[in-house]
Amino acid sequence: MNLLKYEFKRLFKSKGFYISLAVCVILAVISVLTQNLIYKASLETEKPISVFAIEVTKKAFGSSLVMMIAAIFTAIFVTDEYQTGTIKTVITKGYSSNQIFIAKYLSSLVSTLIFYFAYVFVTSQLANSFFDNKVTDSTLIISLLISLLLVVAYHTIYFSISISTRKLGIAIALNIVGPTLVGLVLGMGDALIKNESFKFTNYWLDSLISNLTNLNTTNKALILGLVLGVIYLGIAGTVGVFLNRRKEY
């Protein structure tokens with residue numbers, strides 16, 4: 001508990017945390033305002049578009065910008081003590097590598113969830129102000145919950161990379177490029193097999209989250225997101241623990 005208190009105190013004293021949170025809020029405002037401008041411009045054309053508040057809100061579930069901010073902040077927060085050498089002070093107090101892993105994981109996970117909820121909340125409030133809010137979505141709550149699971153899985157990947165490398169530059173690079181590279185490799189696999197009924201990319205986190213942003217998400221997308229979210233979370237966490245144990249403090 002003392003270690004957890006220490007990590008959360010470090011988190012909420014971090015200027016980077018508040019800067020990242022502010023950026024998430026600003027991005028949410030810009031995103032909705034941009035969609036509002038496009039909507040208003042379309043009203044002057046022969047084919048005006050329809051924009052629904054619930055649709056804009058669900059699209060916020062899969063914001064790649066928020067995940068990029070989370071990836072960068074996680075790398076900064078996790079590697080900081082290793083870069084400065086203050087982690088040795090923590091070790092001298094008798095904490096094990098597993099205890100350090102868990103404390104850093106939970107505190108950094110909270111930061112990611114705060115960024116995510118802030119973005120979704122601001123987006124939903126502005127969307128309800130600007131767009132038609134009469135359309136409903138029966139899958140909204142379950143889509144949000146499964147999206148959260150996938151966000152946690154993504155964060156676990158970012159965290160495992162960061163605590164395994166312990167180098168800021170390398171961690172940021174891998175956190176940003178790594179998931180994108182996986183998507184590209186899977187896309188190349190799809191191009192090679194040329195099978196319209198089966199695509200590797202449909203089973204990667206990006207696609208799983210994207211499928212949950214549609215109005216009245218299908219049961220297949222919900223089940224696939226839930227099952228693969230648990231699998232990715234388990235694999236990323238296990239690999240992170242294993243690599244962390246192999247590192248010397």
Side-chain angles (χ1 to χ4, degrees), residues 24 27 31 55 57-76 78-79 105 108-109 112-113 115-116 119-120 139 142-244 246:
C24 287
L27 288 175
S31 175
E55 184 179 24
T57 299
K58 288 199 76 174
K59 291 295 181 185
F61 291 179
S63 174
S64 58
L65 292 174
V66 174
M67 294 316 300
M68 183 177 294
I69 292 170
I72 294 172
F73 179 75
T74 299
I76 294 171
V78 173
T79 62
Y105 175 79
S108 60
L109 174 60
T112 294
L113 294 179
F115 299 155
Y116 181 77
Y119 187 88
V120 172
T139 64
I142 188 68
S143 294
L144 174 60
L145 293 175
I146 296 176
S147 294
L148 276 175
L149 172 64
L150 297 173
V151 167
V152 173
Y154 244 136
H155 169 267
T156 306
I157 294 174
Y158 297 148
F159 177 82
S160 295
I161 290 173
S162 301
I163 202 165
S164 299
T165 60
R166 301 180 183 177
K167 301 292 184 182
L168 179 58
I170 297 174
I172 290 178
L174 290 178
N175 281 356
I176 294 175
V177 177
T180 303
L181 187 60
V182 171
L184 290 174
V185 171
L186 294 177
M188 291 174 61
D190 291 337
L192 289 174
I193 64 173
K194 297 179 180 179
N195 188 336
E196 291 299 323
S197 61
F198 176 85
K199 291 184 180 296
F200 291 113
T201 49
N202 289 339
Y203 300 91
W204 180 231
L205 287 168
D206 286 344
S207 294
L208 295 174
I209 294 178
S210 178
N211 291 337
L212 297 173
T213 64
N214 299 321
L215 283 177
N216 295 306
T217 307
T218 63
N219 288 333
K220 180 182 178 181
L222 293 172
I223 294 171
L224 200 61
L226 176 62
V227 173
L228 291 181
V230 172
I231 292 174
Y232 281 124
L233 175 58
I235 292 174
T238 302
V239 171
V241 170
F242 175 75
L243 293 178
N244 181 59
R246 292 177 62 88

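Counting from 1, the numbers follow the sequence of the chain as shown.
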Quick one: [atom1] on [X] to [atom2] on [Y], what's the gap to the nearest 0.5 Å?
X	Y	atom1	atom2	answer
I170	T79	CD1	OG1	10.5 Å
S64	I69	OG	CD1	10.0 Å
L150	I209	CG	CD1	5.0 Å
S210	F61	OG	CZ	13.0 Å
L181	I176	CG	CD1	13.5 Å
H155	Y116	NE2	OH	15.0 Å

Any heavy-atom pair between the side chains of [Y] and [X] that's under 4.5 Å?
X	Y	value
T156	Y105	yes
L27	V66	no
L226	L149	yes
N175	I172	no
T238	V241	no

Exercise for the section: Kindly say whether the aromatic ring centers of Y154 and Y158 come within a distance under 6.0 Å. Expected result: yes
Exercise for the section: Compute the centroid of each ring, for Y203 and then for F198, and state whether the two points are separated by less than 6.0 Å. Expected result: yes
Handout entry: L113 and V152: CA distance, side-chain angles, deciding distance, side chain to side chain contact (heavy atoms under 4.5 Å, CB included) verdict
Key = CA-CA 8 Å; L113 294 179; V152 173; 4.2 Å; yes
[X] side-chain N/O to [Y] backbone N/O, donor-acceptor pair under 3.5 Å:
X	Y	answer
S160	A236	yes
D190	T201	yes
T74	A71	no

Problem - Non-hydrogen atoms of G229 and A153 that approach each other most closely - result: O-CB, 3.9 Å
Problem - Whether W204 and Y232 hold their rings parallel, tilted or perpendicular, with breakpoints at 30° and 60° - result: perpendicular
Practice task
Report, as yes or no, whether the 6.0 Å neighbourhood of atom NZ on K199 holds more than 12 heavy atoms from other residues, nucleotides or ligands.
Solution key: yes
Exercise for the section: Tell me yes or no: between the side chains of K58 and T217, is some donor less than 3.5 Å from an acceptor? Expected result: yes
Exercise for the section: Would you check, one step at a time, whether the test side chain to side chain contact (heavy atoms under 4.5 Å, CB included) holds for F159 with T112? Expected result: CA-CA 11 Å; F159 177 82; T112 294; over 6 Å; no
